[in-house]
Amino acid sequence: MIHLTFPDNSVRDFAAGTTGAEIAAGISKSLAKKAVAVALDGALADLSEPITGDARLEIVTRDDPRALELIRHDAAHVMAEAVQELWPGTQVTIGPVIENGFYYDFKRDEPFTPEDLPVIEKKMREIIQRGDAFTKEVWSREEAKRFFLERGETYKVELVDAIPAGEDVKIYRQGDWLDLCRGPHMASTRQIGDSFKLMKVAGAYWRGDSDNEMLTRIYGTAWANDAELKAYLHMLEEAEKRDHRRLGREMDLFHFQEEGPGVVFWHAKGWSLFQSLVSYMRRRLAEDYDEVNAPQILDSSLWETSGHWGWYKENMFSVQCADTEAEDTRLFALKPMNCPGHVQIFKHGLKSYRDLPLRMAEFGAVHRYEPSGAMHGLMRVRGFTQDDAHIFCTEEQMAEECLKINDLILSVYEDFGFHEIVVKLSTRPEKRVGSDELWDHAESVMEKVLQQIADQSGGRIKTDILPGEGAFYGPKFEYTLRDAIGREWQCGTTQVDFNLPERFGAFYVDKDGEKKTPVMIHRAICGSMERFLGILIENFAGHFPLWLAPQQVIVTTITSEADEYAREVLAEMKAAGLRADIDLRNEKINYKVREHSLAKVPVIVVCGKREAEERTVNIRRLGSKHQTPMALAEAVSSLAEEAVAPDLRPAAE
RNA sequence: GCCGGUAUAGCUCAGCUGGUAGAGCACCUGAUUUGUAAUCAGGGGGUCGCGGGUUCGAAUCCUGCUGCCGGCACCA
């Protein structure tokens, strides 16, 4: 006998080996029909799985949020069956559930095309209609390997070999088709339903390793019902509308062109955004940091000393005089980072322990030769500007400096409206420099700091650990923010470095007169200004808060009789420091409103004959269909107040 | 870098199986003086990404390169 506890806390006894399906059937016919799985102590399991011990039991129906994972997983299996039915000889490899859907990686000599997707979908619907039951079998390793080998499924043989000793080799069967899988699955393919769609084909390396063969991946999305599917597809459309590359063009912010892959042409409005961001950051740094500027090109020998030439040569640009006859034939590197330059500044002149912590900031333009396939609008470019800083400090000051940086980063994000932040600690990677003792120490300090960050936020800031993701020279914190449509972006970083100061022989004179190597902390808040602006564009969908908007106000008229007054209004707006422009074109107000709305100008100030007589203005805000009449003076002062950057605003009462 | 797709006017796109380019918007000109998301009429604009090839003839077919797009890998 086993004791099963139901969601209502009632406990009932069953014979050991009873299945979830039997229990559901015992409760009601309709439940048996709706059930797709059971949860035993919260873990999903097959309905047909014999239950062997006491547990909390829930019958999971198709509308349970947990069923979604099963729907997607089952859909992946059905897709694999469909593909093998359509193109025999195609090998199946792995097919996991991912956020919003699933994929399956196939090995086929002929690649799939987008036109294949509807064909596969159709076949999937057939299989789903058949409604074959998913059944589990446990095979011996040898049996499984022999079976897949006979079928030419060599990838599956590798997967069987990868199953840890002592774990069962499980096979799930649906009709005539079967797959190696750890489960669980729903009762039948019919439970997948019809709310799925194949989205795209893409290449993917076998086991995620670029040294391996490339397979073809088919991505799909699947939902519990059509409404959810539709909502998801709609969300994708909305995300596309706020794509920064599209808005960059539509709002005339920047462009790229063929001669400069991965480098940005900032147009006036985009550059205004850029400058607003830099000015804001400068104000935030003014109190604690010294801003410097290190050279753009430096002899490659310096990069050899720093280690970059060895580690990242394939990602660096080199420069030389274009004239082969030039006297100086040395090879220079376009800086990919600011740190070596900052160490040179630190080294210039003797530093005392009294100078520490020394915080050196730079809005440094760096260039990195990114792989061609990696570039993506402003998000991944070859030339970008870092809001970089290096803090030279003592071992003892390290933890406090990390916390100070943390406060600054969180407060900056807050000012841009990002409230959901995750701080992740990345620990030692396989390829690294420095002794294990050094890493042990640095990681333990940072673990404590991470805990403190979590504690002092009162649980608001989430933390995480990314094993092996640290930089080669030290562990790091990565700051990830969540945007308006729920996407996560890693922006800020704090990295401890016990490599570079030593390599360059940087030191300070300590209290006892001895030379000591300082600890160096690299930190960035926005990371790349270009990328951060890309994130802001998408986050706000181009609808910037007033303090950031490149053009804050457009003054426009209804008839030319108001032109004179409109000029006066413009002058007052400008005098109040607003970025304002005027539109006196002989066009209908509808036309002008539409145009400026599409250009995403936050404030349209309309002046007609009436306003001119009354010395008022009519304000229409972007996104609103309403207008607010206001006295001119009042409009100017309220807009000017709204346009003050968050860091300059008087603290809230 | 790898796999696949793609490149036609400033933008969005059409151009079937090869017969020397077309629309809408934008732009320019004229008319219209207009009350909150497109006033009307006229006009100009493209060596069809770049280089080879096939062909009597290439935007269209083949091929190389480049950019871009979607993934994968990478991201100091």
Side-chain angles (χ1 to χ4, degrees), chain A residues 103 105 111-116 199-219 243 245-246 249-250 252 255-262 303 306-316 336-340 366 368-377 379-382 386 429 431 469-474 476 490 493 495 497 499-500 522 524 527-528 531 556-563 584-599 604-611 618-629:
Chain A
Y103 68 78
D105 285 349
F112 295 98
T113 69
E115 290 74 54
D116 293 333
M199 304 298 283
K200 55 197 168 197
V201 290
Y205 296 109
W206 166 236
R207 300 193 141 182
D209 185 336
S210 59
D211 290 334
N212 289 343
E213 224 174 326
M214 178 144 297
L215 309 171
T216 305
R217 175 172 299 178
I218 301 179
Y219 283 95
D243 186 311
R245 292 166 300 185
R246 175 176 173 154
R249 186 175 54 241
E250 287 174 359
D252 194 19
H255 86 267
F256 291 91
Q257 66 188 45
E258 204 164 336
E259 292 83 351
W303 300 102
S306 73
H308 290 95
W309 202 257
W311 286 87
Y312 291 107
K313 195 176 175 182
E314 68 276 17
N315 296 310
M316 286 169 67
M337 294 197 87
N338 304 300
C339 26
V366 296
R368 300 175 181 181
Y369 184 84
E370 300 288 355
S372 58
M375 290 185 294
H376 181 92
M379 302 304 190
R380 190 82 181 267
V381 286
R382 286 185 177 159
Q386 288 181 313
K431 272 174 74 179
E469 296 288 312
F472 73 87
Y473 49 69
K476 60 183 178 183
Q490 195 242 302
T493 178
Q495 314 183 352
D497 186 343
N499 174 47
L500 211 57
H522 308 244
S528 147
R531 180 165 172 274
T556 191
T557 50
I558 292 170
T559 81
S560 55
E561 286 174 292
D563 285 4
L584 298 179
R585 288 175 306 169
N586 178 13
E587 295 288 352
K588 287 192 166 182
I589 190 63
N590 278 308
Y591 179 88
K592 295 202 265 194
V593 164
R594 176 181 154 84
E595 220 177 49
H596 298 298
S597 299
L598 287 173
I604 302 178
V605 173
V606 176
C607 304
K609 202 174 163 192
R610 195 159 63 225
E611 286 76 13
N618 214 302
I619 291 185
R620 180 181 169 127
R621 303 295 302 239
L622 178 59
S624 160
K625 284 191 162 48
H626 305 100
Q627 313 131 41
T628 319

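Throughout, protein chains are lettered first and strands after them, A, B, ... in sequence-line order, and every chain is numbered starting at 1. All figures in this text were calculated on a predicted structure; none of them were measured in a lab.
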Please list every donor-acceptor pair under 3.5 Å in which a side-chain atom of residues 621-628 of chain A meets a protein atom from a residue at least two apart or in another chain.
residue : atom : partner : partner atom : Å
A:R621  : NH1  : A:E642  : OE1          : 3.0
A:R621  : NH2  : A:E642  : OE2          : 2.8
A:S624  : OG   : A:H626  : N            : 2.9
A:S624  : OG   : A:H626  : O            : 3.4

key: C1'-based separation of B:U54 from B:C62 [nearest Å]   = 7 Å
message = Using whole Å, what does the distance between atom C1' of nucleotide B:C11 and atom NE2 of A:H255 come to?
response = 14 Å
task = Using the test side chain to side chain contact (heavy atoms under 4.5 Å, CB included), find all partners of A:D211 that sit at least two apart in sequence or belong to another chain.
result = A:D209
query = Once you round it to whole Å, what is the distance between P of B:U12 and CD of A:E250?
reply = 9 Å
task = Classify the nucleic acid contact of A:K592 as base, sugar-phosphate or nothing, counting any heavy atom under 4.0 Å across all strands shown.
result = nothing
task = Using salt bridge (Lys or Arg N to Asp or Glu O under 4.0 Å) as the criterion, list what pairs up with A:E370, not counting sequence neighbours.
result = A:R380
inquiry  = According to salt bridge (Lys or Arg N to Asp or Glu O under 4.0 Å), who are the partners of A:E561, at least two apart in sequence or on a separate chain?
reply    = A:K609
note = Between A:H596 and A:I604, the two heavy atoms sitting closest are CB-CD1, 3.9 Å
message = According to side chain to side chain contact (heavy atoms under 4.5 Å, CB included), who are the partners of A:I558, at least two apart in sequence or on a separate chain?
response = A:I589, A:V606
request  = Quote, to the nearest angstrom, the C1' distance that separates B:U32 from B:U20.
outcome  = 42 Å
key: Contacts of A:R245 that satisfy salt bridge (Lys or Arg N to Asp or Glu O under 4.0 Å) - sequence neighbours left out   = A:D243
Pairwise P distance for B:A7 and B:C61, with rounding to whole Å = 10 Å
ask   = Please give, in whole Å, the distance from B:A26 P to A:D252 CG?
value = 16 Å
ask   = Just by protein heavy atoms under 4.0 Å, how would nucleotides 36-41 of chain B read 5' to 3' in B, S and -?
value = BBBB--
query = Between B:U29 and B:A21, how far is it from one P atom to the other, in whole Å?
reply = 29 Å
inquiry  = When you measure from the side chain of A:R368 to the backbone of A:N315, do you find a donor-acceptor pair of N or O atoms at a distance under 3.5 Å?
reply    = no
key: B:C16 to B:U60 separation - P atoms, rounded to the nearest Å   = 11 Å
ask   = A:H596 has an atom NE2; how far is it from atom P of B:A26, in whole Å?
value = 13 Å
query = By salt bridge (Lys or Arg N to Asp or Glu O under 4.0 Å), which residues pair with A:K200, not counting sequence neighbours?
reply = none
task = Sequence neighbours left out, what passes side chain to side chain donor-acceptor pair (under 3.5 Å) with A:Y205? Give chain and number order.
result = none
message = Please encode protein proximity along nucleotides 66-76 of chain B as a string of B, S and -, counting only heavy-atom distances under 4.0 Å.
response = BSSSBBBBBBB
remark   = The dot-bracket string of RNA chain B, counting Watson-Crick and G-U wobble pairs with both distances under 3.5 Å, using [ ] for crossing pairs and | for pairs to another strand, is (((((((..((((.....[..)))).(((((.......))))).....(((((..]....))))))))))))....
key: Under the side chain to side chain donor-acceptor pair (under 3.5 Å) test, residues paired with A:Y591 that sit two or more places apart   = A:E595
message = Roughly how many Å apart are B:C11 and B:C69, using the P atom of each and rounding to a whole number?
response = 14 Å
message = When the C1' atoms of B:U66 and B:C50 are compared, how many Å lie between them, rounded to an integer?
response = 7 Å
message = Could you tell me how far B:G4 sits from B:G46 if I compare only their P atoms? Round to whole Å.
response = 37 Å
